[in-house]
Colleague: 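My questions all concern the structure below.
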Amino acid sequence: MSNWSALQNRSFLESNARDRALGLVDEGSFTEFVGPFDRRTSPHLETLGEAVEFDDGVVTGIGKIGKTPVFVISQEGRFIGGSVGEVGGAKMVGTIKAAIAFAKRIAKDFPNAEEDEKPIIAISFETGGVRLHEANAGLLAHAEVMDQVQRARGHVPVVSLIGSKVGCFGGMGFVAAATDVVVMSEFGRLGLTGPEVIEQEMGKEEFDSADRGLVYRTTGGRHKYIMGDCNFLVDPEIAAFRAQLAELAKLPRAKFAEFRRIGTSELVEKQLKGVALAAKMQPKDARDVWVHVGNSDPVELGSMPLADFRKVVKRLAL
Amino acid sequence: MESLLGQGRAAIGLICDPDTFEENQVGAKTFDDPDFGPGAMVGTAKLDGQTVTVIGNDAEAFNEKFPVVYAGIIGMEEAYKMAQAVYATVAADVAKAKAEKRAIVLIVDTPGNGPGKTEEIFGMNKATGAYQLALAEARMAGHPIVAMVIGRAISGAFLCHGLQADHILSLDSSFGTMIHVMPLTSISRIVKKDIEVLEKLAEGNPVFAAGPQFFHRLGGVEEIVTTIEDMHAVVAKHVAEVRACKVKDQDDALGPWGRGSLGAERGGRVVRPEVIALLETEMDAVAKTYLPGAA
């Protein structure tokens with residue numbers, strides 16, 4: 001385990017799930033749920049004779065940022081790509097469920113609680129979705145997580161943090177899209193179909209998954225920020241993600257609905273304007289969209305320092 | 001072999017009352033652009049005389065604007081169209097009591113979500129996420145949602161169109177129905193185990209094998225339907241069962257959470273409830289230190 005102060009300046013991209021979880025909340029405030037000492041490992045990996053992890057590749061718990069209780073779910077890409085199986089899925093579901101119950105308890109027993117004393121949920125995604133070794137249970141767990149995300153609405157905000165190596169793809173790409181707020185670093189990637197699968201489906205001339213620039217332009221933080229799929233684009237250190245969470249924690253809980261991209265009839269109508277634009281433009285590259293929304297030099301936009309990018313970038317307004 | 005694979009349109013007539021399907025009309029919402037989301041069929045029909053919203057996949061349609069959409073694939077337009085149909089259903093019955101809210105019947109035959117570059121640039125994940133949230137909202141608002149798998153229910157497309165339902169039914173595998181994330185042959189390659197070994201293991205553990213019978217054992221499918229003729233009666237029965245639960249506020253027995261309990265009952269997913277219960281106990285033990293005013 002790392003020293004908390006040292007963690008703050010560590011790269012979110014390079015940090016493992018536990019370090020991210022610990023670093024996001026105040027020093028010494030984190031209580032882990034169903035942690036490694038509980039040894040709830042995947043029985044299905046064992047059946048297949050595969051190595052197990054004592055936390056099944058996801059760290060769950062509660063900590064604090066200032067006065068705010070923060071429920072944390074942090075996925076570990078180093079363990080089978082951060083994939084979700086029965087145990088890890090149950091930990092995610094249980095954590096969101098616990099957060100909803102806790103928020104309801106505070107609403108009932110502490111009617112005068114300050115906004116920043118009410119809980120939030122932070123999910124640090126690093127996953128391609130379903131764990132194939134226990135694919136059916138993993139798929140069913142995804143549906144349960146989505147159900148809990150909908151149940152959380154109006155009770156406790158759910159914030160996605162995306163800035164880890166594996167990105168956030170597959171069924172968990174749906175889940176991240178469905179949360180209230182999406183925070184990314186420029187190294188974060190968010191989507192449904194990973195680059196290798198697109199190449200396999202459409203051919204290398206259409207999408208070369210080895211072209212890192214192309215991969216990041218299509219699903220990376222800068223692009224998703226331009227598209228509005230990412231609400232906040234932060235620096236790549238753990239401290240930057242933590243600072244953004246701290247800012248969000250102070251907001252009136254009713255304000256979180258304004259960050260949503262989907263989840264109401266009106267938002268669906270708004271997103272359909274984007275789909276109509278996609279049909280009209282038939283973009284060959286994400287840069288086509290960047291130019292369309294008013295960024296004259298997309299190559300420069302992709303490579304300039306992040307601080308400059310945030311100042312000059314024009315974003316899609318639907 | 002008898003099969004409804006790729007015949008979602010025909011299935012509507014077999015599941016609902018014959019000749020009652022009014023396509024492109026849900027409550028006050030009219031879908032009047034024939035080129036919009038053609039891979040999704042939405043509309044209103046009768047089931048034993050009661051109004052239901054029907055949402056299905058049209059395997060014969062091709063979306064010219066988004067060429068990755070064919071054979072029942074759900075693209076961005078399709079997913080948002082399906083979400084619109086759900087919101088229109090909720091709006092149509094907003095003033096009605098739970099016992100009166102119309103059911104939503106999902107007819108499932110889809111091999112996947114749009115896997116393209118344009119889809120990733122604009123956010124395919126967002127489109128299907130929107131449909132799932134709409135279904136979850138309608139379910140929680142009291143609309144009974146029953147999914148009937150007549151063909152393919154594959155991975156993310158099944159998550160999107162099916163797995164947010166209150167109850168899920170499937171024709172048995174002799175009708176060519178497929179429910180899986182990946183076929184066992186692909187899983188065998190990825191997890192580096194011989195297919196024979198996996199098939200043997202699947203007899204005792206339904207967790208990775210492909211097919212409705214394995215999802216049934218995991219609680220992921222409530223009931224297997226064994227003849228095409230039975231579909232109408234079984235769907236109607238489940239709509240009635242679901243409605244009865246909702247009227248009694250027994251929503252915990254339904255939807256993804258209800259299927260979790262069913263998975264444990266059927267012995268397919270026994271670790272899940274233990275983990276959730278342990279997590280709750282551990283939270284209870286520390287909860288007071290995180291309450292307002294705690295040191």
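Each chain gets a letter, A, B and so on, in the order its sequence line appears, and its residues count up from 1.
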Colleague: Closest approach of A:G171 and B:L159, non-hydrogen atoms and distance?
Modeller: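 Smallest heavy-atom distance, with atoms named: CA-CD1, 3.9 Å.
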Colleague: Picking from B:G156, B:G75, B:P115, which has the most non-hydrogen pairs under 4.5 angstrom with chain A?
Modeller: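 The residue among B:G156, B:G75, B:P115 with the greatest pair count is B:P115.
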Colleague: Could you look at A:E269 and say if it's the side chain, the backbone, both or neither that has a heavy atom under 4.5 Å from chain B?
Modeller: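 Just its side chain gets close to chain B.
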Colleague: Against chain B, label A:V93 side chain, backbone, both or neither, depending on which of its atoms sit under 4.5 Å from a heavy atom there.
Modeller: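 The side chain, not the backbone.
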Colleague: For the candidates A:V145, A:D38, A:D288, A:T60, which exhibits the highest count of non-hydrogen atom pairs separated by less than 4.5 Å from chain B?
Modeller: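 Of the candidates given, the most pairs with chain B belong to A:D38.
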Colleague: Considering only heavy atoms, which portion of A:K97 lies under 4.5 Å from any heavy atom of chain B: side chain, backbone, both, or neither?
Modeller: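 The answer is the side chain of A:K97.
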Colleague: For chain B, which candidate among A:T264, A:T95, A:D285, A:T68 shows the most heavy-atom pairs at distances under 4.5 Å?
Modeller: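 That would be A:T264.
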Colleague: With a 4.5 angstrom heavy-atom cut-off, is it the side chain or the backbone of B:Q164 that approaches chain A, or both, or neither?
Modeller: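 For B:Q164, side-chain heavy atoms alone lie under 4.5 Å from chain A.
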Colleague: Checking A:V130 against chain B: side chain, backbone, both or neither under 4.5 Å from a heavy atom?
Modeller: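 Interface part for A:V130: side chain.
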Colleague: Go through the atoms of A:Q200 and report whether side chain, backbone, both or neither lie under 4.5 Å from a heavy atom of chain B.
Modeller: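 Neither; nothing under 4.5 Å.
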Colleague: Please report the closest heavy-atom contact between A:N136 and B:P206, naming both atoms and the distance.
Modeller: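 So the two residues come closest at ND2-O, 2.9 Å.
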Colleague: Can you tell me which portion of B:F208 sits under 4.5 Å from chain A's heavy atoms? Options are side chain, backbone, both or neither.
Modeller: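 Both parts, backbone and side chain.
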Colleague: Which atoms of B:L218 are under 4.5 Å from chain A, going by heavy atoms: the side chain, the backbone, both sets, or neither?
Modeller: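 Both backbone and side chain.
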Colleague: Is chain B contacted by the side chain of A:R217, its backbone, both, or neither, given a heavy-atom distance below 4.5 Å?
Modeller: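 Contact with chain B: none, neither part.
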Colleague: Between A:R40 and B:L278, what is the shortest heavy-atom contact and its length?
Modeller: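 Taking A:R40 first and B:L278 second, the nearest heavy atoms are NE-CD2, 3.8 Å.
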Colleague: What part of A:H142 is in contact with chain B, defined as an atom under 4.5 angstrom from a non-hydrogen atom: side chain, backbone, both or neither?
Modeller: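 Both parts, heavy atoms under 4.5 Å.
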Colleague: In terms of heavy-atom proximity below 4.5 Å to chain A, should B:V191 be classed as side chain, backbone, both, or neither?
Modeller: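 For B:V191, backbone and side chain are both near chain A.
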Colleague: Which atoms of A:D147 come close to chain B, meaning under 4.5 Å heavy atom to heavy atom: side chain ones, backbone ones, both, or neither?
Modeller: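 Looking at A:D147, backbone and side chain both touch chain B.
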Colleague: Kindly compute the distance separating CG (B:L106) from CD1 (B:I168), expressed to the nearest 0.5 Å.
Modeller: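 It is 8.5 Å, given to the nearest 0.5 Å.
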Colleague: Where does B:M283 contact chain A at under 4.5 Å (heavy atoms): side chain, backbone, both or neither?
Modeller: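 Both backbone and side chain.
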Colleague: Contact part of B:A127 toward chain A, heavy-atom cut-off under 4.5 Å: side chain, backbone, both or neither?
Modeller: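 Interface part for B:A127: neither.
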Colleague: Side chain from CB out, backbone as N, CA, C, O: work out which of these in B:L163 comes under 4.5 Å of a heavy atom of chain A, or both, or neither.
Modeller: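 It is both, since atoms from each part get that close.
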Colleague: So what's closer than 4.5 Å to chain A heavy atoms on B:V270: side chain, backbone, both or neither?
Modeller: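 Only the backbone of B:V270 comes within 4.5 Å of chain A.
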Colleague: B:R259 versus chain A, heavy atoms under 4.5 Å apart: side chain, backbone, both or neither?
Modeller: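 Contact with chain A involves no heavy atom of B:R259 at all.
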Colleague: Check each atom of A:P43 against the heavy atoms of chain B and say whether the ones under 4.5 Å are side chain, backbone, both or neither.
Modeller: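 Contact with chain B is through the side chain of A:P43 alone.
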Colleague: B:R269, B:M124, B:K65: which one forms the most heavy-atom pairs within less than 4.5 Å of chain A?
Modeller: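 Greatest number of close heavy-atom pairs with chain A: B:R269.
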Colleague: Please look at B:L198 and chain A and tell me whether the side chain, the backbone, both or neither of the residue comes under 4.5 angstrom of a heavy atom of that chain.
Modeller: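 The answer is the side chain of B:L198.
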Colleague: Side chain, backbone, both or neither: which part of A:R260 has a heavy atom under 4.5 Å from chain B?
Modeller: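 For A:R260, the contact with chain B is made by the side chain alone.
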Colleague: If I measure from the heavy atoms of chain B, does A:T47 come under 4.5 Å with its side chain, its backbone, both, or neither?
Modeller: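 Both parts, backbone and side chain.
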Colleague: Give the member of A:I198, A:I62, A:V197 that has the highest number of heavy-atom pairs under 4.5 Å with chain B.
Modeller: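 Among the listed options, the one with the most contacts to chain B is A:I62.
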Colleague: What part of B:A83 gets within 4.5 angstrom of chain A, counting heavy atoms only: side chain, backbone, both, or neither?
Modeller: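 Side chain of B:A83 only, per the 4.5 Å heavy-atom cut-off to chain A.
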Colleague: With a 4.5 angstrom heavy-atom cut-off, could you sort out which part of B:F36 is near chain A: side chain, backbone, both or neither?
Modeller: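 Side chain of B:F36 only, per the 4.5 Å heavy-atom cut-off to chain A.
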Colleague: Distance check, rounded to the nearest 0.5 Å: B:M182 atom CE versus B:I154 atom CD1?
Modeller: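 CD1 of B:I154 is found 11.5 Å from CE of B:M182.
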Colleague: Contact part of A:K91 toward chain B, heavy-atom cut-off under 4.5 Å: side chain, backbone, both or neither?
Modeller: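 Answer is both: backbone and side chain atoms of A:K91 are under 4.5 Å from chain B.
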Colleague: Report which part of A:A113 has an atom under 4.5 Å of a heavy atom belonging to chain B: side chain, backbone, both, or neither.
Modeller: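 Side chain only.
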Colleague: Within 45° of the axis and under 6.0 Å from the centre of the six-membered ring of B:Y290, does NZ or CZ of B:K288 qualify?
Modeller: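 No, B:K288 does not lie over the aromatic ring of B:Y290.
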Colleague: Which bit of A:I106 is near chain B, if near means a heavy-atom gap under 4.5 Å: side chain, backbone, both or neither?
Modeller: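 For A:I106, the side chain is the part near chain B, not the backbone.
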Colleague: Sort B:K117 into side chain, backbone, both or neither according to what part of it lies under 4.5 angstrom from a heavy atom of chain A.
Modeller: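 Both parts, backbone and side chain.
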Colleague: Where does B:E77 contact chain A at under 4.5 Å (heavy atoms): side chain, backbone, both or neither?
Modeller: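 Both parts, backbone and side chain.
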Colleague: Would you indicate whether A:K270, at its atom NZ, is surrounded by more than 12 heavy atoms from other residues, nucleotides or ligands within a distance under 6.0 Å?
Modeller: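 Check fails, neighbour count at 12 or below.
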Colleague: Show the nearest heavy-atom pair for residues A:V289 and A:P283, with the distance to one decimal.
Modeller: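 The pair with the smallest heavy-atom distance is CG2-CB, 4.1 Å.
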